[in-house]
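Data block below; observations after.
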2 protein chains.
Amino acid sequence: MKWKELEEEPCSMARTIGVIGDRWTLLILRECFLRTRRFEGFQSALGITRHLLAERLKKLVRQGILRRIPYQESPKRHEYILTQKGLDLYPIMMAIVHWGDTHMVDERGRPLLHQHRKCGKDFDPVMVCSECGEPLSAKEVHTHPGPGARSTPADPAPATAKTKARSRAA
Amino acid sequence: MKWKELEEEPCSMARTIGVIGDRWTLLILRECFLRTRRFEGFQSALGITRHLLAERLKKLVRQGILRRIPYQESPKRHEYILTQKGLDLYPIMMAIVHWGDTHMVDERGRPLLHQHRKCGKDFDPVMVCSECGEPLSAKEVHTHPGPGARSTPADPAPATAKTKARSRAA
DNA sequence: ATTGACAGTTCTATTTTAGAACTATATGCT
DNA sequence: AGCATATAGTTCTAAAATAGAACTGTCAAT
């Protein structure tokens, strides 16, 4: 499976992974949320090679996650800022950070704390049900096919060797 | 930066990415949450090469995210099930799926729906503040150094070219 | 004795990434 | 004028990771 194919899978997770599912992209996005905006800023913060950084920024712009806007003429310079689509990645970032805070910290404790401006306190992110507001866990959730699901039990096109890997996806 | 180095960064996000931040690992974990447990099951569901699948499963077991338990003797066979540490990845998975559901669906709609057993409804995951219960967005959060932060303004070891990339990390 | 299921391992070819150097435009210094 | 510095890339070769296919080993069923 190539990266391009991922984005065409009938699975929101596979499609999202096709866009942000590599380590440099995720780290670049971390920097974006920490207010880094410029090429040199990303490069020196991350130690990424300039080649890959340029490539990843282009991809994020193509995907509509970053917008490239000029901040000076002559020489032309641009900076990269998160679009709304990019800002919407925040829960993913926070979920990743929170898992790391829970399972990957050393004896020194958390590298970063997060303060909620509204209530003023340092917080953890909690994922809740949009309908009843209760916290979610894997075991309380039942997953079932939606309108965009690929195959049904009566799928007229039986899986071939080529498509077999996809029929399960969702 | 090598994969191994990522896990030593003073950043919960970098460390987590070092563990689950590649596309196959994320897809394998999706299958785990969809109740796949066996080698052949992963392989045929994903179309991943057997070589990489074996390698990734080993890594997930080493990290304590999956446990490899025998389900029959002669010939010895094992299955892979999520540990609590693995189950705790659920919010990350749901956040990724939800972003895809919001920004990557085609005209046909969502491939999968999620029903909350407690309230019986199809839901979206919402990330809220553990302290006040309000939904979170990037702009309402102030990030500041915690006890495990690497460098302070008075850091006695000034950044060198070699460590420069790390000093910003958090 | 042969076939099939399962869980891997081994091999070569291709693709990606790392690492370093180079290009281009413009400012400011001497 | 000549040179260093800042910014944002591009281009090159070497090293690492992944794809794709074939192979190994154990046991049950026919």
Salt-bridge contact B/Asp22-B/Lys59 (side-chain N to carboxylate O under 4.0 Å): no
Closest listed nucleotide, where the reference is the side chain of A/Ser74 and the choices are D/dT18, D/dA8, C/dT27: C/dT27
Axial cation check for A/Tyr71 ring with A/Arg38, 6.0 Å and 45° limits: yes
Integer-rounded Å distance: C/dA20 C1' and A/Leu53 CG: 16 Å
Atom-pair distance (CZ on B/Arg23; P on D/dA17), nearest Å: 15 Å
Phosphate contact (C/dA18 OP1 or OP2) by A/Trp24 side-chain N/O below 4.0 Å: yes
Between C/dT25 (C1') and A/His78 (NE2): distance, integer Å: 13 Å
Short side-chain N/O contact from A/Arg68 to OP1 or OP2 of D/dG9, under 4.0 Å: yes
Side-chain N or O of A/Lys58 closer than 4.0 Å to phosphate OP1/OP2 of D/dT10: yes
Protein-nucleotide distance (A/Glu73, atom CD; C/dA26, atom P), rounded to Å: 10 Å
A/Leu27 CG - C/dT17 C1' separation (whole Å): 14 Å
Distance in angstrom units between B/Gln72 CD and C/dA7 C1', rounded: 11 Å
Closest to the A/Arg77 side chain, choosing from D/dT7, C/dA26, C/dT17: D/dT7
Listed nucleotide nearest any side-chain atom of B/His51, set D/dA8, C/dC11, C/dA18: C/dC11
Under-4.0 Å side-chain N/O to phosphate OP1/OP2 contact, B/Arg50 with D/dT18: no
Value in whole Å for how far the C1' atom of D/dA17 lies from CD of B/Glu55: 9 Å
Cluster link A/Ile96 to B/Leu87, ILVMFWY, side chain under 4.5 Å: yes
Out of D/dA19, D/dT10, C/dA7, whichever nucleotide has its closest atom nearest the side chain of B/Leu52: D/dA19
Spacing between B/Glu40 atom CD and D/dT26 atom C1', to the nearest angstrom: 14 Å
Stepwise side chain to side chain contact (heavy atoms under 4.5 Å, CB included) test for A/His142 and A/His144: CA-CA 7 Å; A/His142 172 67; A/His144 59 105; 4.0 Å; yes
Of A/Lys76 and A/Ile48, the one whose closest DNA chain C nucleotide lies more 5': A/Ile48
Closest to side chain of A/Tyr80, choosing from D/dT7, D/dG9, C/dA26: D/dG9
Phosphate OP1/OP2 of C/dT17 contacted by A/Arg56 side-chain N/O (<4.0 Å): yes
Short side-chain donor-acceptor distance under 3.5 Å, A/Arg37 and A/Tyr80: no
